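Since the structure comes first, as structure tokens, the remarks are kept for the end.
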Amino acid sequence: LAKTTQPISMDSYEGQEVNITCSHNNIATNDYITWYQQFPSQGPRFIIQGYKTKVTNEVASLFIPADRKSSTLSLPRVSLSDTAVYYCLVGGNNFNKFYFGSGTKLNVKP
Amino acid sequence: GAVVSQHPSWVICKSGTSVKIECRSLDFQATTMFWYRQFPKQSLMLMATSNEGSKATYEQGVEKDKFLINHASLTLSTLTVTSAHPEDSSFYICSARNGTGNNQPQHFGDGTRLSIL
């Protein structure tokens with residue numbers, strides 16, 4: 001069962017690029033890495049998923065080194081509305097279980 | 001696509017009442033759904049894995065007779081909190097995966113806030 005470790009919190013200012021790193025040292029060969037955003041009293045929202053190297057979509061980029069023991073979520077030019085908790089999850093098999101780590105509370109300041 | 005709906009979004013009831021929460025995948029079929037519980041300012045804690053057509057798999061420490069899970073169709077899983085007490089008050093969230101491939105992420109409902117008086 002892959003365990004993830006993230007910084008508890010991060011501060012940033014509007015317009016800055018934010019990078020949140022997640023450690024997952026015991027990731028399995030067939031595991032994918034998925035990042036979610038959660039606002040208070042809402043369910044987590046899918047941001048991005050990757051297996052290796054770099055993945056980019058309209059809201060974020062995900063960087064995964066060759067050993068896949070960590071990953072970095074990159075949010076370009078954050079705004080106040082990006083203030084939320086960000087979780088990385090590791091897993092993939094159909095009946096695999098997904099355990100949430102502590103997440104990273106991102107606080108974007110004006 | 002990949003929308004998961006939970007109902008109700010908020011429940012307030014008296015101690016001893018049983019409460020049913022529904023989780024539906026609206027535009028895809030989900031053979032596996034997951035149920036989580038989240039206390040204030042804490043992370044999500046996996047309670048059980050709901051498998052269509054078979055018994056749910058519960059995490060250690062989660063009472064299966066207390067939290068009844070039924071996954072009778074490929075688009076609906078229900079969680080029933082039986083004889084709820086104040087300590088069961090929490091935010092309950094379900095998720096579902098669209099397909100069985102390794103690259104299929106979970107899609108989450110918006111949660112159900114359960115308050116037991």
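In what follows, chains are A, B, ... by sequence order, proteins preceding strands, each numbered from 1. Note that the coordinates shown come from a computational prediction; the quantities given were computed from them, not determined experimentally.
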Exercise. Is it the case that more than 12 heavy atoms not belonging to Y13(A) sit under 6.0 Å from its OH atom?
Worked result: no
Problem set entry | Closest-packed option against chain A by number of heavy-atom pairs under 4.5 Å, given H107(B), E59(B), M45(B) | E59(B)
Exercise. Would you call the rings of F100(A) and Y36(B) parallel, tilted or perpendicular if under 30° counts as parallel and over 60° as perpendicular?
Worked result: perpendicular
Problem set entry | Within one Ile-Leu-Val-Met-Phe-Trp-Tyr cluster: I20(A) and I33(A), side-chain cutoff 4.5 Å | yes
Seminar exercise, completed: Sorted by chain and residue number, the salt bridge (charged side-chain N to carboxylate O under 4.0 Å, His left out) partners of D82(A) (sequence neighbours excluded) come out as none
Seminar exercise, completed: Under 4.5 Å to a heavy atom of chain B? For Y51(A) that would be neither
Exercise. So which heavy atom on Q49(A) is nearest to which on Q104(B), and how close?
Worked result: NE2-C, 4.2 Å
For this session: Take atom NZ of K52(A) as the centre, draw a 6.0 Å sphere, and report whether it contains more than 12 heavy atoms from other residues, nucleotides or ligands.
Result: no
Exercise. So which of I93(B), L46(B), V4(B) has the biggest tally of heavy-atom pairs under 4.5 Å with chain A?
Worked result: L46(B)
Exercise. Within a reach of under 6.0 Å around NZ of K20(B), are more than 12 heavy atoms found that belong to other residues, nucleotides or ligands?
Worked result: no
Exercise. If you count heavy-atom pairs under 4.5 Å between each of G43(A), P40(A), G50(A), P44(A) and chain B, which one has the most?
Worked result: P44(A)
Exercise. Hey, are the side chains of P105(B) and Y32(A) touching, using non-hydrogen atoms and a 4.5 Å cut-off?
Worked result: no
For this session: Determine whether F91(B) and F67(B) fall in the same hydrophobic cluster, where Ile, Leu, Val, Met, Phe, Trp and Tyr are linked whenever their side-chain heavy atoms lie under 4.5 Å apart.
Result: no
Problem set entry | Any donor-acceptor pair under 3.5 Å from Y36(A) side chain to Q106(B) backbone | yes
For this session: Say whether L114(B) and I69(B) are linked into one hydrophobic cluster, either directly or through other cluster members, by side-chain heavy-atom distances under 4.5 angstrom.
Result: yes
Problem set entry | Heavy-atom closest pair, residues Y87(A) and Q42(B) | OH-O, 4.0 Å
Problem set entry | Joint hydrophobic cluster, L68(B) plus W35(B), side-chain heavy atoms closer than 4.5 Å | no
Problem set entry | Part of T57(B) within contact of chain A (heavy atom distance under 4.5 Å) | side chain
Exercise. Got a second to check how far N30(A)'s CG is from N103(B)'s CG, nearest 0.5 Å?
Worked result: 11.5 Å
Problem set entry | Nearest heavy-atom neighbours spanning S43(B) and S102(A) | CB-CA, 4.3 Å
